[in-house]
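A quick write-up on the structure given underneath.
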Amino acid sequence: MPKILMLSVREHEKAAIKDWEERNQVEVETVSWELHPETAPKVDGFDGLVVQQRSKIEAAVYPILKRANLKQITTRTAGYDMVDLKAAAANGLVVTNVPAYSPRSVAELALAHTMRLIRNLEIFDKRMEKQDFRWEGLQAAEIHSLTIGIIGAGRIGETSARIFKALGARVIAYDIKEREELKDLLEYKSKEEVLAQADVICLHVDLNPSSVNLIDEKALSLMKPTAYLVNECRGPVVDTDALIAALEKNKIAGAALDTLTGEENFFNFNLAGKKLPSVQLEKLRSFNNVILTPHVGFYTNIAVQNMVDISLNDVVTILNGGKSVHQV
Ligand code: NAD
């Protein structure tokens, strides 16, 4: 029976891994450490390897894996920039990733954030904490009366568009690559038109040089003062200082952010009672029309199971001499 070593395993993944082991009758050993030159010799005796880490897998690691007769490195993330593809190939290691573990997981958070914004739920919660139960000034709009602007209509953006369309909203989109097959679902527009016409802007681009600060002061100034910004993709896509300034001047109605520049210093940490390491985070937390979640778009039952299943299935395919469709 092959033995697979799974690295950087977090508690929330263990049930999904056990479930896969039972279904596939393959042994998976889970450890919490990452792959680096000092840990790499511990792969000896295993047939397959699954990683999940942000830090680089250094050049010295690949020959160690080769000597241990490993044939692949599989990352159970979409990003694979931590792997040196040339060094992997030079040592006979096939690299695979999990390009889409569940577009629904992120798209459903975009829906949840949008509904929370348009129904003023954050503001109601804050009022009610103070025993103020009035509804004055907080009439909501119904979702099917709104125009949703998707920026980045890729896998997740398309899924968001389908959800909003199913609820009766008009969906417009801006993407640098337009797809013919989406033209029944959404109306492609220029970036400026989407910003000016949408009641809710949902950001679903990947982070690349063209998408850094895609939402800057100028972009925010094009939005309607009644419109909301929802960022479910990557922090640097939004110029946070420009967003804070727009919120302070009521240039837009509010924002929901699952991701924020500098988030590696605070998201997924318990900082209760401590000074926050980001002035921007402090400022954003002070607005009653801003919703923050700590990068949890991906964190659902289906997405976690898919990350585990797709990565482990790929290891087995490669060990059996097959070719994974996720080879990068
Ligand atoms: P994707 O590659 O399928 O789609 C990205 C789309 O953005 C593409 O259609 C691309 O053409 C478009 N795009 C890129 N740069 C652009 C620009 N400057 N202007 C307009 N359009 C642009 O990716 P995906 O699977 O849909 O994922 C999108 C992003 O969501 C990921 O890259 C990741 O950053 C983020 N994400 C977040 C979470 C979370 O937990 N919040 C989870 C998974 C992914």
Side-chain angles (χ1 to χ4, degrees), residues 10 12-13 52 54 75-82 97-114 116 148-164 171-183 185-195 198 201-216 218-219 222 229-239 255-264 266-268 291-308 310-311 325-326 328:
R10 299 190 190 147
H12 73 257
E13 296 176 296
Q52 178 183 45
R54 278 202 195 153
T75 175
R76 56 188 185 281
T77 54
Y80 50 86
D81 48 300
M82 70 297 251
N97 70 338
V98 181
Y101 27 87
S102 174
R104 272 296 285 251
S105 65
V106 185
E108 288 188 10
L109 185 65
L111 171 67
H113 276 160
T114 298
R116 199 165 163 73
I148 307 295
I150 305 281
I151 298 194
R155 280 173 292 239
I156 296 172
E158 174 187 344
T159 310
S160 272
R162 289 195 187 286
I163 291 174
F164 287 115
V171 183
I172 58 176
Y174 165 64
D175 195 300
I176 43 176
K177 282 187 221 135
E178 294 192 2
R179 289 191 285 156
E180 202 51 44
E181 69 271 24
L182 297 191
K183 290 191 175 161
L185 169 69
L186 46 82
E187 298 160 52
Y188 280 113
K189 304 260 176 205
S190 68
K191 178 183 165 188
E192 290 71 23
E193 285 169 326
V194 169
L195 289 165
I201 304 279
C202 290
L203 303 176
H204 291 303
V205 295
D206 55 285
L207 185 62
N208 65 63
S210 78
S211 65
V212 173
N213 285 341
L214 192 67
I215 302 300
D216 56 7
K218 180 165 174 266
L222 295 175
L229 182 72
V230 175
N231 184 7
E232 312 293 8
C233 59
R234 283 290 180 268
V237 172
V238 176
D239 175 342
L257 312 170
D258 188 45
T259 169
L260 193 61
T261 298
E263 66 180 54
E264 58 283 2
F266 40 84
F267 282 175
N268 209 16
I291 300 169
L292 291 162
T293 48
H295 206 138
V296 289
F298 79 100
Y299 190 36
T300 66
N301 54 349
I302 309 277
V304 171
Q305 187 74 57
N306 283 348
M307 284 166 111
V308 166
I310 295 169
S311 61
V325 289
H326 306 124
V328 294

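Whatever order the structure lists them in is the order used to number ligands and atoms, beginning at 1. What you see below is based on every heavy atom in this structure, not just the backbone, and it leaves out hydrogens, waters and symmetry mates.
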- Within a radius of less than 6.0 Å around CZ of R179, do more than 12 heavy atoms belonging to other residues, nucleotides or ligands occur? yes
- Message: Within a 6.0 Å radius of atom NZ on K183, are there more than 12 heavy atoms belonging to other residues, nucleotides or ligands?
- Response: yes
- E187 with K189: basic N within carboxylate O range, under 4.0 Å: yes
- Within the distance-only criterion (no hydrogens, no angle test), does the side chain of D258 pair as donor or acceptor with the backbone N or O of V296 below 3.5 angstrom? yes
- Query: For E264, what residues pass the salt bridge (charged side-chain N to carboxylate O under 4.0 Å, His left out) criterion, not counting sequence neighbours?
  - Reply: none
- Ordered by chain then number, the protein residues lying under 4.0 Å from ligand 1 by heavy atom are Y101, V106, G152, A153, G154, R155, I156, Y174, D175, I176, H204, V205, D206, N208, S210, S211, L214, E232, C233, R234, D258, H295, G297, F298
- Task: Classify the side-chain pair S102/N306 by whether it contains a donor and acceptor separated by less than 3.5 Å.
- Result: no
